[in-house]
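Data block below; observations after.
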Amino acid sequence: MEKIWLKSYPPGVAADIDADQYRSLVHLLEEAFHKYTERKAYVCMDKFMSYGELDAYSKQLGAWLQSRGLKKGARVAIMMPNVLQYPIAIAAILRAGYTVVNVNPLYTPRELEHQLNDSGSEAIIILENFATTLEAVLGKTAVKHIVVASMGDLLGGVKGMLVNFVVRNVKKMVPPFSLPNAVRFKRALAQGGAMKLTPVEPLLSDFAFLQYTGGTTGVSKGAALTHRNIIANVLQTEAWSQAALLKAPALESVQIVCALPLYHIFALTACAMFSMRVGALSILIPNPRDIGGFIKELRKYKFNMLPAVNTLYNALLNHADFASLDFSGLRIANGGGMAVQQAVNDRWMKATGVPIIEGYGLSETSPVATCNRVDITEFSGTIGLPMPSTDVAILDDAGQPVPLGQPGEIAIRGPQVMAGYWNRPDETAKVMTADGYFKSGDVGIMDERGYVKIVDRKKDMILVSGFNVYPNELEGVIAAHPGVLECACIGVPDDYSGEAVKIFVVRKDPALTSEALMAYCKEQFTGYKKPKYIEFRDELPKTNVGKILRRALRDEKTAA
């Protein structure tokens, strides 16, 4: 297939990257530690950590993990928001020869249990705020080694103690928990400091991350991302970003705002791993939902890159303090995870002078597959062009390419495409073609310049603030409620989150109220999965074989 998009590439961006220039992600990390030793790598709550300190801390934690007797390739989970311990944990796990399993810290016990068991995680590094969730399911998992961190661990003596006191006793953010065999993060560092990290050089084909997603079907499964997958996407991102980052005036070092959670693939690659490659300072924001607090942090830095989702840009724009920010250093505002709305881009462009550069990708593609040029001056309404070394095909239901301008399923091939779903060859076979394309489940159109536009979603997935919500999972859990006879779940437009979850329920118990069902859902689902709307019905539309027709419910909403 002719790569028609190459003629639309910015000057200086090569058609391909060399995904084999590093032996592994460990090689990339250790190059950064050596090359940028004195540079600031991360900052959180005004506490800076240099590349040299990240090197030392990750060696200590890596040595401690090795001392537990974990074999090469063992899965180690991380369950934390964006705090300094997160990048230390990532580097430690990789350097010790293990695989990182990123876990959403807001998961319910049911969700956590599934992910720990599916991944076979033997160890977990967790912030104490979420330890009660782990306690609830620990006995039903294979986890034997637990490191418990606290918000104040690395903030320094008095400040650290004060932060921990406020978090635990004033804000009451740490529910009581009992994990008798757990080791505190600082103690693990101290013990590891008396040990020696045994160097491990993973292969490029070894799994670096298990990134959990519903994929294009409903069951949460791990996209197995190799060292080569992540290296490739970091190098693709770097090649694509240079036109903006290298323009005059020269930057002493790049400052990246890391407000997206590091457990999400967008932040993992575009912030954490990309920053290692270019020696950037990552500004960690533990709670971006606190928009006032987020803006207060942004005031302290002359940041150059701000990756975010549409809802976060919108929330910033609608805050009274937004106008006080200095955007003179901003070179790239990356938009991903969900569609960027033109109205939000137009307001952002007017306020900052920088357009939102919309890209597209999935956990299965590490994530970036396409992106708009970083030198655009106006909103394109597309997801841009395929990245270097990336092929995009638009396929019909028979798997054949459709003519330009015709809709079909977006399929992606490149060095960033996952090795497959963890222990799910059947699910992998459903989404991979014989010639190596990953079928995204999204319907798009490619124009004659190579730009791709998403027009629909092939599956029933709902996108809430950049997070995938799968009706099958929700319906399965809601249907287990004793008062529910049948249910169906769809996405409906929402001004804040892009889409919101709506469920339609046929009651078994006539006394069941929406309040009682909402309370049940709150126990079972993390925030973005919770239904925003509940509608009771006498019956649901079905096919002649009894399958509930979600599309008919969506069409009703559209017609209304």
Side-chain angles (χ1 to χ4, degrees), residues 42-47 49 57 61 64 76-90 92 101-113 115-116 121 123-141 143-191 258-264 284-294 296-297 519 522-530:
Y42 288 89
V43 60
C44 184
M45 299 167 69
D46 299 324
K47 175 67 176 178
M49 179 170 66
Y57 285 142
L61 185 57
W64 185 89
V76 181
I78 305 176
M79 191 171 177
M80 291 190 277
N82 291 3
V83 290
L84 292 173
Q85 294 95 322
Y86 210 128
I88 293 170
I90 290 174
V101 179
N102 287 308
V103 180
N104 182 340
L106 299 181
Y107 267 173
T108 64
R110 181 188 65 82
E111 292 164 323
L112 176 61
E113 180 186 345
Q115 188 165 329
L116 292 178
S121 292
I124 187 169
I125 302 165
I126 187 169
L127 193 72
E128 63 180 4
N129 304 42
F130 313 103
T132 185
T133 310
L134 177 62
E135 181 190 356
V137 301
L138 183 61
K140 295 182 275 186
T141 74
V143 172
K144 299 288 187 290
H145 312 290
I146 305 166
V147 178
V148 178
S150 63
M151 288 295 291
D153 275 340
L154 300 175
L155 301 181
V158 175
K159 182 176 182 179
M161 287 189 289
L162 181 61
V163 166
N164 282 340
F165 178 82
V166 171
V167 168
R168 293 167 182 165
N169 303 299
V170 179
K171 295 189 176 180
K172 309 285 187 188
M173 294 170 71
V174 183
F177 66 91
S178 175
L179 296 168
N181 297 321
V183 175
R184 284 283 172 177
F185 189 88
K186 288 174 77 172
R187 182 164 176 76
L189 287 184
Q191 291 177 345
C258 191
L260 297 171
L262 285 169
Y263 62 78
H264 193 282
L284 296 176
I285 308 295
N287 180 19
R289 283 186 292 263
D290 173 11
I291 299 298
F294 180 21
K296 191 176 172 185
E297 285 301 305
K522 189 174 181 181
E523 288 177 5
Q524 297 294 322
F525 303 117
T526 192
Y528 67 86
K529 294 183 186 177
K530 274 188 311 189

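Closest of all the heavy-atom pairs between L155 and C44 is CD2-O, 3.8 Å. Among all heavy-atom pairs drawn from L284 and P286, the shortest one is O-CD, 3.6 Å. Between V147 and F185 the shortest heavy-atom distance is CG1-CA, 3.6 Å. Heavy-atom minimum distance, Y263 versus V103: CB-O, 3.8 Å. Taking each heavy atom of F294 and A259 in turn, the nearest pair found is CZ-CB, 3.6 Å. Among all heavy-atom pairs drawn from A149 and Q85, the shortest one is CB-NE2, 3.8 Å.
Atom CZ of R187 is surrounded by 12 or fewer heavy atoms from other residues, nucleotides or ligands within 6.0 Å. Other residues, nucleotides and ligands place more than 12 heavy atoms under 6.0 Å from the NZ atom of K159.
N104 places none of its side-chain heavy atoms less than 4.5 Å from the side chain of P261. Looking at L154 and I88, their side chains come closer than 4.5 Å, going by heavy atoms from C-beta outward. The shortest distance between side-chain heavy atoms of K186 and S150 does not fall below 4.5 Å. By the 4.5 Å heavy-atom criterion applied to side chains, T133 and Y107 are not counted as neighbours. Side chains of F130 and L106 form a contact here, defined as non-hydrogen atoms less than 4.5 Å apart. In this structure, the side chains of L84 and Y57 stay at 4.5 Å or more apart for every pair of heavy atoms. Proximity of T141 to I124: side-chain heavy atoms (C-beta onward) are nowhere separated by under 4.5 Å.
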For residues 169-182, which side-chain N or O atoms pair as donor and acceptor with protein atoms under 3.5 Å away, sequence neighbours left out?
residue	atom	partner	partner atom	Å
N169	ND2	F165	O	3.3
K172	NZ	N169	O	3.3

Stepwise side chain to side chain contact (heavy atoms under 4.5 Å, CB included) test for N102 and L262: CA-CA 8 Å; N102 287 308; L262 285 169; over 6 Å; no
Intermediate values then yes/no, side chain to side chain contact (heavy atoms under 4.5 Å, CB included), L134 and L116: CA-CA 10 Å; L134 177 62; L116 292 178; 3.9 Å; yes
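Residue M151 is tested with R168, M45, M80 for a side-chain contact (heavy atoms from CB on, under 4.5 Å); the sole match is M45.
Sorted by first then second residue, the salt bridge (charged side-chain N to carboxylate O under 4.0 Å, His left out) pairs that include residues 77-90, not counting sequence neighbours, number zero.
Rounding to the nearest 0.5 angstrom, the gap separating the CD atom in E297 from the CG atom in N287 is 11.5 Å. Between the CD1 atom in I90 and the CG atom in L61 there is a gap of 11.5 Å [rounded to 0.5 Å]. Note that CD1 of I126 and CD1 of I146 are 8.0 Å apart. Values are rounded to the nearest 0.5 Å. Separating the NZ atom in K296 from the CD1 atom in I291 is a distance of 15.0 Å, to the nearest 0.5 Å. Interatomic distance, CG of L260 versus CD1 of I285, reported as 10.5 Å (0.5 Å rounding).
Partners of T108 by side-chain contact (heavy atoms from CB on, under 4.5 Å), not counting sequence neighbours, listed by chain and number: R110, E111.
Judged purely by distance below 3.5 Å, without hydrogens or angles, the side chains of N82 and Y42 never pair a donor atom with an acceptor atom.
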